[in-house]
Amino acid sequence: MATAQAVSPSRSWFKSLELVLGILFAGGITLVVLLSPVLFPDGGEGMDLMARLIPPFESWEHILGTDPLGRDVLARVAVGGKISLMVGFLSVLGAVTIGTLVGLAAGYYRGIAEILLMRFVDIQLALPFILVAIMFLAILGAGIDKVILVMIATQWVQYARLVRGSVLALREREFILSARAIGVSNGRIIFTHVLPNVLGPIVILMTLQVANNILLESSLTFLGLGVDPLIPSWGGMLADGRTYLQTAWWVSVFPGLAIMFTVLGLNLLGDWLRDYLDPTGQTSK
């Protein structure tokens, strides 16, 4: 018989703090990004060469300073976040949709097709993402759509493997066998009985993967293989400001901090979700 695991007050307090900080960091930055069209109508493109390279906190008009073209750094960080967040969320949605469907089918039906599919998954997981992405983007060319497609094509296998493993543990459970015995169709069993029971790990991986994809998009853009340099993005701002690190550090530091706090917030939320959705770590009610 399973015993309940008591959660210590200090751990409970820490997990609550983790949730608050995750929402504060990720939610706060996301809110500013979503409101950027209202807060910064010029889209961060307003240039003023007479106000170039103003240090941060020296002017209320440019609280985070200006870049070499006199553009407001805060406005560009807020506007540029749309690209990173869009790539992160859309790529994860595409990957989780494909991977979940493949994992459900492979884990439930088994057979030769499942064996071949899982071996393909193992091979793809063994390939380093950044090298595969650089190769494909060098062939296809840079662009937001291509970055998203490359991420989907290389990351769906993680969800397929995760879901398949969860389905294998569920397919012989009593409630699944009972549903089969009374003649419930396989499709209904998969989507009404199996899928709801594997959503927890999927949601956790999605949260962490969004954070990872924001980092990957910024890295690819920094290398010149991601977003068009003319479009404001966190990775592009880092690349533009690297030549000014000694004279105008804020041009690169603030978009870097935006990436760091967004990723940190999403990782904190992922950790909190993992503990919240894991029944073995909760006190029985």
Side-chain angles (χ1 to χ4, degrees), residues 18 21-34 36 73 76-96 99 124-138 140 142-159 162 202-229 231-242 245 249 251-274:
E18 197 172 52
L21 291 177
I23 294 175
L24 181 63
F25 292 153
I29 292 175
T30 301
L31 181 62
V32 172
V33 169
L34 293 176
S36 61
V73 171
R76 289 182 61 77
V77 169
V79 173
K82 290 189 294 185
I83 298 298
S84 296
L85 293 177
M86 181 179 70
V87 171
F89 282 103
L90 290 182
S91 60
V92 165
L93 286 176
V96 73
Q124 188 162 330
L125 286 173
L127 300 174
F129 168 81
I130 194 68
L131 294 181
V132 174
I134 289 174
M135 179 184 70
F136 276 102
L137 291 174
L140 300 175
I144 300 174
D145 54 340
K146 297 180 180 64
V147 172
I148 294 174
L149 287 175
V150 167
M151 288 184 177
I152 293 174
T154 55
Q155 293 175 357
W156 68 268
V157 293
Q158 301 179 35
Y159 296 94
L162 173 68
I202 294 174
V203 172
I204 295 168
L205 180 57
M206 286 177 64
T207 306
L208 299 174
Q209 197 70 59
V210 170
N212 183 60
N213 285 2
I214 290 173
L215 282 175
L216 291 173
E217 181 276 325
S218 299
S219 301
L220 291 171
T221 302
F222 183 85
L223 295 173
L225 296 171
V227 179
D228 189 316
I231 301 175
S233 67
W234 288 340
M237 293 181 69
L238 285 173
D240 292 341
R242 59 186 165 181
L245 282 176
W249 52 268
V251 178
S252 288
V253 166
F254 287 117
L257 288 175
I259 296 171
M260 184 188 77
F261 282 115
T262 303
V263 172
L264 176 60
L266 289 170
N267 284 335
L268 289 173
L269 288 175
D271 288 342
W272 180 84
L273 278 172
R274 180 180 57 200

Could you report the tightest heavy-atom contact between [X] and [Y], atom names first, then the distance?
| X | Y | result |
| --- | --- | --- |
| Leu208 | Gly270 | CD2-CA, 4.0 Å |
| Trp272 | Glu18 | N-OE1, 3.6 Å |
| Leu215 | Ile259 | CD2-CG2, 3.6 Å |
| Asn267 | Ala211 | OD1-CB, 3.7 Å |
| Ala258 | Val77 | CB-CG1, 3.8 Å |
| Ala26 | Thr30 | O-OG1, 2.6 Å |

Any residue meeting side-chain contact (heavy atoms from CB on, under 4.5 Å) with [X], in chain and number order, not counting sequence neighbours:
| X | value |
| --- | --- |
| Thr262 | Ile29, Leu85, Ile214, Trp234, Leu266 |
| Leu127 | Val132 |
| Ile23 | Leu19, Leu269 |

>> Is the terminal nitrogen or CZ of Arg76 (NZ for Lys, CZ for Arg) located under 6.0 angstrom from the six-membered ring centre of Phe254 and within 45° of that ring's axis?
In response: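 Output no; distance or angle outside limits.
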Please round to the nearest 0.5 Å and tell me the distance separating atom [atom1] of [X] and atom [atom2] of [Y].
| X | Y | atom1 | atom2 | answer |
| --- | --- | --- | --- | --- |
| Leu273 | Leu205 | CG | CG | 12.0 Å |
| Ile204 | Gln209 | CD1 | CD | 13.5 Å |
| Ile148 | Glu217 | CD1 | CD | 9.0 Å |
| Lys146 | Leu220 | NZ | CG | 13.5 Å |
| Leu245 | Leu238 | CG | CG | 9.0 Å |
| Leu216 | Ser84 | CG | OG | 11.0 Å |

>> Checking Asp240 now: which residues fulfil salt bridge (Lys or Arg N to Asp or Glu O under 4.0 Å) with it, not counting sequence neighbours?
In response: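 Not a single residue meets the salt bridge (Lys or Arg N to Asp or Glu O under 4.0 Å) criterion with Asp240.
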> Listed by chain and number, what are the ring pair (Phe, Tyr, Trp, His ring centres under 6.0 Å) partners of Phe25, not counting sequence neighbours?
Replying inline: Phe261
Is any side-chain heavy atom of [Y] closer than 4.5 Å to one of [X]?
| X | Y | answer |
| --- | --- | --- |
| Val147 | Val227 | no |
| Gln124 | Thr154 | yes |
| Ile83 | Thr221 | no |

For residues 86-96, tabulate all N or O donor-acceptor pairs below 3.5 Å that involve a side-chain atom, not counting sequence neighbours.
residue : atom : partner : partner atom : Å
Ser91   : OG   : Val87   : O            : 2.6
Ser91   : OG   : Gly88   : O            : 3.1
Ser91   : OG   : Asn213  : ND2          : 2.7

> Does any N or O in the side chain of Ser36 come within less than 3.5 Å of the main-chain N or O of Val33, such that one atom is a donor and the other an acceptor?
Replying inline: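 At least one qualifying donor-acceptor pair exists.
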> Is a side-chain N or O of Ser252 found less than 3.5 angstrom from the main chain of Gly241, in a donor-acceptor match?
Replying inline: yes
> Is atom CZ of Phe222 surrounded by more than 12 heavy atoms (other residues, nucleotides or ligands) closer than 6.0 Å?
Replying inline: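 More than 12 within 6.0 Å, yes.
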>> Please evaluate residues Leu257 and Met260 with respect to the criterion side-chain contact (heavy atoms from CB on, under 4.5 Å), reporting the C-alpha separation (whole Å), side-chain torsions for both, the decisive distance (0.1 Å), and the verdict.
In response: CA-CA 5 Å; Leu257 288 175; Met260 184 188 77; 3.9 Å; yes
